[in-house]
Amino acid sequence: MASKSGNGTVPASMVGDEHVAVQKLQPDAKIYERLMSLGGFYREQYGVEPEFYVRVPGRVNIIGEHVDYCGYSVLPMAVEQSIILAVGTNKQVAQLELHHLDEGKFQSFDCDLNDLEIKLPKTGGPAWYSYFLCGIKGIQEELEAKWRPVGMRIALSGNVPLAAGLSSSSALVSAAVLATGHAQGMHLDRKQLASISASCEQYIGTHSGGMDQAIAYLAKQGCAQHIEFHPKLKGTPVTLPTGSCFVVANSLVQKRKAASSDYNERVVECRLATRWLAKSQKLPNWKEFIRFIDLEEACHLDNAAYVKLIEQQLKKTLYTREDICETLGITEQQLETDFLTPSTQHMQQFKLRQRALHVIQESGRVVQFRQICEQLQRRSSKQDIEQLGKLMQQSHHSLRELYECSHPDLERLVALSVKQGVSARVTGAGWGGCIVAMCDSVKAASDYVNVLKKEYYAQLPAHLLERYQPNDFNEVVFATFPSNGAELFVQ
Ligand code: NG1
């Protein structure tokens, strides 16, 4: 049966299926106009038609923050905003030619595909095209000795807000992986593509988990996904409560993760806390543990027992380098080489207890959230819906207090939400970016958005008002519905 997807007409059975099927682009597809205008830009740049188009969405995470790199599951959905590419191949020269539609802001780039180099500056964060290069490198590594690159001409455009916790960077990396794989004639399934994209994004220097790349490929229109990473990558569709409507509100505080050490500092603290707890359990192989989930499995811990273990074994608020070296029996140099990443070499103190508590409790909230959504499919219950809201509030509280990744402007947005009886939380890595809020109905969402527009957005500084007010702030605060994962189109 053919069903109308958000972005093209595809058989329902194929959306989110194993491979990214090549779809014929239909003029009534939502993405049609954007792709056509990018196609026009491609023709201007290269004088020929593109051979295919790629669309990879951003995402909003409903619950499960800062747990993916510890092995725990998350519950995101893809948003409508996406990175799109128009792609052509050049069999004569193994050259990458990359043009961004927004040329004024994103300078064009080209390089020899046999001589890829991802340069990371010491300060200021990577150049935009470095994310694209990560994706190409991912395919190069997959092919190893069989890497005989055909040249690629690319035109690119994106409307995922940048540095806002909606995964613009992973959408770009994942789009590069999909385009390169397809151009090289590879037949990778969605999970392989997601794994390659997650591994190669690490070349940008962030030791992230695999949430963003997984949802980029596994998302299905109309539902969120419960994504598990352990023992292997798995996505299970989760139907969100009937009538509920999720709103994304961008604080407009930009957080460029790759230009700061905050994210990697949390990763380091989680790894150290895991190792510390593994030692406390006298596991013979305690020196191998760096992910909370592996320790949970080895010690057969349930969520409550894990919390208790953390409370018993990690009593201090702050641990010094000396504390850690003494307990783990390592030298400072080993601490630096085995645990600290290039951007976290400066770390002197480590908040093991609160980071561990956040991760373990948040992982429990994800499981509960999914279970409640499933119950709600069988029978609707006001209490269950309220419980979902509570889980979102607890998540936010924990991110602010234990993980310390909120921001005063995010707090203002959350406070405005609370005042209206709407549950909201920071989404994505935090320190800026967006909140996600759950409203009971489309009407409630529209009222909520109007209040935010009046009380938050209309108060923005002049330069931001100038930019976003003409479009009534619709780019920065909007209701969002789950969209499809990565797609490939031909005309
Ligand atoms: P953002 O910064 O929101 O795209 C990051 C990580 C995720 C996950 C979240 C926090 C990257 C590419 N993504 O997402 O893996 O850890 O933070 O839950 O770094």
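No hydrogens, no waters, no symmetry mates; every other heavy atom, side chains included, goes into these values. Counting convention: from 1, in listed order, for ligands and their atoms alike.
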Where ligand 1 meets [X] - atom numbers and elements under 4.0 angstrom, heavy-atom basis:
X      : result
Ser167 : 4 (O)
Met211 : 8 (C), 9 (C), 18 (O)
Gly165 : 3 (O)
Glu65  : 10 (C), 18 (O)

Quiz prompt | Close approach of Glu362 to ligand 1, heavy atoms, under 4.0 angstrom | solution = no
Would you check whether [X] has a nitrogen or oxygen atom less than 3.5 angstrom from a nitrogen or oxygen atom of ligand 1?
X      : value
Tyr69  : no
Ser169 : no
Arg59  : yes
Asp212 : yes
Val67  : no

Quiz item: Can you check whether Tyr263 and Tyr69 have ring centres sitting under 6.0 Å from each other?
Solution: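 So the answer is yes for these two rings.
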Quiz item: Hey, would you say the Trp128 and Phe109 ring centroids sit under 6.0 Å apart?
Solution: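 Trp128 vs Phe109: aromatic centres not under 6.0 Å.
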For ligand 1, the portion of [X] having any non-hydrogen atom under 4.0 Å away:
X      : result
Ser170 : side chain
Arg266 : neither
Glu201 : side chain

Quiz item: Of the choices Leu166, Val60, Val426, Asp68, which has the non-hydrogen atom that lies closest to atom 8 (C) of ligand 1?
Solution: Asp68
Exercise. With atom 11 (C) of ligand 1 as the reference point, say which of Ala198, Gly205, Ser208 has the nearest heavy atom.
Key: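 Residue with the shortest heavy-atom distance to the ligand atom: Ser208.
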Quiz item: Regarding Lys453 and the six-membered ring of Tyr457, is the cationic atom NZ or CZ under 6.0 Å from the ring centre and inside 45° of its axis?
Solution: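 Cation-pi check for Lys453 and Tyr457: fails.
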Quiz item: Has Lys191 got its NZ or CZ under 6.0 Å from the middle of the six-membered ring of Tyr217, at an angle within 45 degrees of the ring axis?
Solution: no
Exercise. Check step by step if side-chain contact (heavy atoms from CB on, under 4.5 Å) holds for Ile31 and Ser82.
Key: CA-CA 10 Å; Ile31 197 78; Ser82 57; 4.0 Å; yes
Looking only at side-chain N and O atoms, does [Y] offer a donor or acceptor that is under 3.5 Å from a partner on [X]?
X      : Y      : value
Thr341 : His207 : no
Glu201 : Ser169 : yes
Glu141 : Tyr203 : yes
His99  : Ser108 : yes

Quiz item: Does a side-chain N-to-carboxylate-O contact under 4.0 Å join Glu65 and Arg425?
Solution: yes
Quiz item: Between Glu404 and Arg355, does at least one N-O distance fall below 4.0 Å, as a salt bridge requires?
Solution: yes
Exercise. Considering heavy atoms of the protein only, find what lies nearest to atom 2 (O) of ligand 1 and give residue, atom and distance to 0.1 Å.
Key: Lys257 NZ, 2.8 Å
Exercise. Among all protein heavy atoms, pick the one closest to atom 16 (O) of ligand 1 and tell me residue, atom and distance.
Key: Tyr263 OH, 2.5 Å
